[in-house]
Amino acid sequence: MEPACRKDKQKQKDTPNRGERAKQKSAQQELKQRQRAEIYALNKVMTELEQQQFEAFCKQMQPQAE
């Protein structure tokens with residue numbers, strides 16, 4: 001009888017851990033998604049800045065070519 005009681009106690013202990021693990025996994029996924037969105041936003045800003053700098057460089061070089 002004792003081993004059956006132990007299994008029941010183990011199941012009771014595992015249940016909160018599973019819920020906690022699910023919360024942690026969900027939180028990890030949300031963090032990952034947020035970081036990805038931030039990276040895309042930063043990439044967009046950097047690309048725009050690079051384009052502006054390139055256009056300024058082209059304008060600067062244009063009078064010298066003529």
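Each residue takes its place number in the sequence, starting with 1. Below, all heavy atoms of this structure are taken into account, side chains as well, without hydrogens, waters or symmetry copies.
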Taking distance alone, no hydrogens or angles, what donor-acceptor pairs closer than 3.5 Å link side-chain atoms of residues 27-34 to residues at least two apart or in another chain?
{"residue": "Arg34", "atom": "NE", "partner": "Glu38", "partner atom": "OE2", "Å": "3.3"}

Distance-only criterion, 3.5 Å: show the donor-acceptor pairs between side-chain atoms of residues 44-57 and protein atoms not counting sequence neighbours.
{"residue": "Thr47", "atom": "OG1", "partner": "Asn43", "partner atom": "O", "Å": "2.8"}
{"residue": "Gln51", "atom": "NE2", "partner": "Glu55", "partner atom": "OE2", "Å": "3.2"}

* Could you give the distance from NZ (Lys59) to CD (Gln62), rounded to the nearest 0.5 Å? ->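 The CD atom of Gln62 is 9.0 Å from NZ of Lys59, to the nearest 0.5 Å.
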
* Any residue meeting side-chain contact (heavy atoms from CB on, under 4.5 Å) with Ile39, in chain and number order, not counting sequence neighbours ->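 Ile39 satisfies side-chain contact (heavy atoms from CB on, under 4.5 Å) with no other residue.
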
